[in-house]
Amino acid sequence: MCCEKWKLLGLCALALGSSIVIVAIFPVSFLMILAAFLLIACGIWLLRRR
């Protein structure tokens, strides 16, 4: 049960980061792109965590 919670949180972080990257292709600040990649990295890390 606990492992499923982390996977769901990782999937949400991955989806949120990916959507920010898609939106950030249009002229936005560099910090938003950096935050998006950080969210994607956290999502991948949480999905691989057991």
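Fair warning: this is a prediction, and the values are worked out from it, not measured in the lab. Heavy-atom basis, side chains included; hydrogens, waters and symmetry copies ignored.
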Could I get the full list of side chain to side chain contact (heavy atoms under 4.5 Å, CB included) partners for Ala36, not counting sequence neighbours? Ile20, Val21

To the nearest 0.5 Å, how far apart are CG in Leu11 and CG in Leu16? 11.5 Å

Only counting residues at least two apart or in another chain, list the ones meeting side chain to side chain contact (heavy atoms under 4.5 Å, CB included) with Ile44. Leu14, Ile40, Arg48

